[in-house]
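All remarks here apply to the structure that follows.
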Amino acid sequence: MSRSDGMTNVLWLQGASCGGCTMSILESGASGWFDELRQFGINLLWHPSVSEETGEEAVEVLQSVLDGKVRLDMLLLEGSVARGPNDTGRFNMLAGTGRSIYRWMLDLAPRADYVIAVGSCAAYGGVPAAGSNPTDAVGLQFEGADSGGALGAGFRSRLGLPVINVAGCAPHPGWMMETILALTTKDIAATDLDAYGRPKFIANHLAHHGCSRNEFYEFKASAETMSERGCLMEHLGCKATQAVGDCNQRSWNGGGSCTKGGYACIACTSPGFEGAQNFLETAKLAGIPVGLPTDMPKAWFVALAALSKSATPRRVRLNATADHVVVPPGRTATKGKP
């Protein structure tokens with residue numbers, strides 16, 4: 001629990017959460033997250049799912065931070081903040097403390113050098129905030145796309161930063177760990193965050209970049225049902241051209257991604273993603289997808305799509321609606337050569 005010289009103290013709490021963000025970060029590093037923490041001099045003060053301290057021992061850790069006896073370099077929250085009922089936070093109590101996660105965050109956040117929202121629930125409210133939201137679930141500094149949340153729009157951590165939103169459901173382990181590491185060396189400033197508080201090293205990319213289905217996208221050769229190999233945007237709900245994240249460039253667990261696994265990108269790094277009517281159906285107006293690629297005028301997209309479809313090679317067209325390669329790439333004749 002005590003801080004050693006040169007160590008960075010990190011406290012991780014869980015609010016209204018499925019625990020998926022923790023499951024993701026446990027895969028971080030070639031030898032696992034705990035070894036990675038040790039290698040970079042990071043002291044995990046306490047984590048409700050993985051720490052040995054329970055009961056009075058856990059309460060002592062939290063109270064020591066609250067009393068200022070233990071320095072708090074980073075405060076991380078996984079899961080949304082359930083403020084209900086009536087702004088008491090009692091829908092989500094921290095067992096053994098007699099206090100809600102909401103109250104703990106209000107008290108601890110001003111003591112932290114940096115505050116990190118781990119996952120889209122902690123960032124924007126996420127899945128617990130969907131629908132009628134009876135628990136009044138919000139993010140730490142956003143309620144959906146609107147600033148505010150549990151800590152308020154004006155909150156700044158001890159070193160002057162707003163909440164850093166490592167969004168995703170769940171976030172890539174690299175996004176979480178690289179954010180933590182960048183903060184240990186003070187390499188993230190307010191200008192390194194986008195309008196939704198996401199680090200720009202994540203937000204300056206789209207999930208579309210590096211997608212293995214990009215050839216099908218270019219020719220607008222679309223899958224029509226699940227398990228087919230074509231582009232998932234036109235019919236099956238894929239939002240990769242609108243969703244920030246380098247998911248298809250660094251891959252997950254050594255090689256996977258949503259689209260590589262045959263599942264549409266649901267834009268889980270975006271506020272309000274949980275409100276989609278059907279994740280696997282593209283919303284359309286007059287036959288045109290409502291959600292078009294970022295920064296692309298609708299007229300341009302319609303014209304480009306028509307031109308692309310007219311030029312679609314037979315191989316691409318047939319493979320798009322198959323669950324395996326039915327027409328392999330053929331040889332291209334070169335002038336003067338057989």
Side-chain angles (χ1 to χ4, degrees), residues 10-28 33-34 44-51 53-54 58-59 61-62 65 74-85 87-97 99-109 112 114-144 149-151 163-177 179-180 196-198 202 245 252 266-276 279:
V10 172
L11 176 63
W12 183 307
L13 297 181
Q14 290 175 313
S17 166
C18 68
C21 301
T22 292
M23 294 292 289
S24 175
I25 203 170
L26 289 176
E27 296 293 329
S28 183
W33 186 42
F34 302 117
L44 183 62
L45 288 171
W46 190 68
H47 184 302
S49 295
V50 302
S51 292
E53 294 89 352
T54 60
V59 175
V61 173
L62 297 173
V65 173
M74 296 180 213
L75 174 63
L76 289 79
L77 178 70
E78 171 185 4
S80 60
V81 180
R83 296 184 300 187
D87 205 47
T88 65
R90 294 190 64 82
F91 278 137
N92 188 193
M93 303 293 288
L94 182 55
T97 68
R99 307 175 72 204
S100 66
I101 288 292
Y102 181 26
R103 297 300 170 193
W104 275 110
M105 292 305 300
L106 290 176
D107 290 341
L108 289 172
Y114 303 105
V115 178
I116 305 172
V118 179
S120 291
C121 293
Y124 314 117
V127 174
S132 61
N133 192 10
T135 63
D136 194 18
V138 295
L140 280 174
Q141 204 162 18
F142 279 85
E143 184 172 355
L151 298 179
V163 174
I164 300 163
N165 292 324
V166 186
C169 189
H172 191 288
W175 302 347
M176 292 182 274
M177 195 58 193
T179 299
I180 293 171
Y196 289 119
R198 300 171 295 202
I202 304 168
W252 294 64
I266 62 174
C268 71
T269 57
S270 304
F273 84 95
E274 67 280 352
F279 288 128

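FYI, the numbering just counts along the sequence from 1.
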Validation row: Asn92, Thr135 side chains within 4.5 angstrom (heavy atoms): no
Are any of the side-chain heavy atoms of Tyr124 and Tyr196 separated by less than 4.5 Å? yes
If you look at every heavy atom in Leu106 and Ala150, which pair is closest and at what distance? CD2-O, 3.6 Å
Please assess Asp136 against Tyr102 for the test side-chain contact (heavy atoms from CB on, under 4.5 Å), listing each intermediate value before the final yes or no. CA-CA 11 Å; Asp136 194 18; Tyr102 181 26; over 6 Å; no
Partner set under side-chain hydrogen bond (donor to acceptor under 3.5 Å, both in side chains) for Thr22, not counting sequence neighbours: Gln14, His47, Glu78
May I ask you to test the Ile180-Val166 pair for a side-chain heavy-atom distance under 4.5 Å? no
Which atoms form the tightest heavy-atom contact between Ala267 and Phe273, and what is the distance? O-CB, 3.2 Å
Check Asp87 against Arg103 and note the closest heavy-atom contact, atom names and distance. O-NH2, 2.5 Å
Nearest 0.5 Å, please: how far is CG in Leu77 from CD1 in Ile101? 7.0 Å
Would you say the side-chain atoms of Gln141 pair up with the backbone N or O of Val163, donor to acceptor, closer than 3.5 Å? yes
Note: Leu11 and Leu108 closest approach over all heavy atoms is CD2-CD1, 3.9 Å
Under 3.5 Å, side chain of Ser80 to main-chain N/O of Gly126, donor-acceptor pair present? no
Starting at CE of Met93, measure out to OG1 of Thr88 and round the result to the nearest 0.5 Å. 8.0 Å
Derivation of the side-chain contact (heavy atoms from CB on, under 4.5 Å) call for Leu13 and Leu62: CA-CA 10 Å; Leu13 297 181; Leu62 297 173; 4.0 Å; yes
Taking atom CD of Glu27 and atom NE2 of His172, what is their separation to the nearest 0.5 Å? 10.5 Å
Contact check, side chains of Ser49 and Met23, non-hydrogen atoms, under 4.5 Å: no
Closest contact, heavy atoms only, Ser24 versus Met176: OG-CE, 3.6 Å
Around Arg90, counting heavy atoms of other residues, nucleotides and ligands shown, do more than 12 lie under 6.0 Å from its CZ? no
Taking every non-hydrogen atom, the tightest pair across Ala123 and Phe142: O-CB, 3.4 Å
State, with a plain yes or no, whether a side-chain heavy atom of Leu94 is found less than 4.5 Å away from one of Arg99. no
In the structure I gave you, are the side-chain heavy atoms of Pro128 and Cys121 within less than 4.5 Å of one another anywhere? yes
Could you work out, with side-chain hydrogen bond (donor to acceptor under 3.5 Å, both in side chains) as the rule, every residue matching Thr54, not counting sequence neighbours? none
In this structure, CD1 of Ile202 is separated from OG1 of Thr269 (nearest 0.5 Å) by 8.5 Å
Any side-chain heavy atom of Ser270 sitting closer than 4.5 Å to one from Arg198? yes
Is there a side-chain contact between Val65 and Leu75 in this structure, where contact means two heavy atoms from C-beta onward sitting under 4.5 Å apart? no
Go through the steps to decide whether Trp12 and Leu45 satisfy the test side-chain contact (heavy atoms from CB on, under 4.5 Å), and finish with yes or no. CA-CA 8 Å; Trp12 183 307; Leu45 288 171; over 6 Å; no
Taking the six-membered ring for Trp, are Trp104 and Trp46 ring centroids under 6.0 Å apart? no
Per the side chain to side chain contact (heavy atoms under 4.5 Å, CB included) rule, which among Leu140, Ile164, Leu76, Ile25 passes with Val118? Leu76
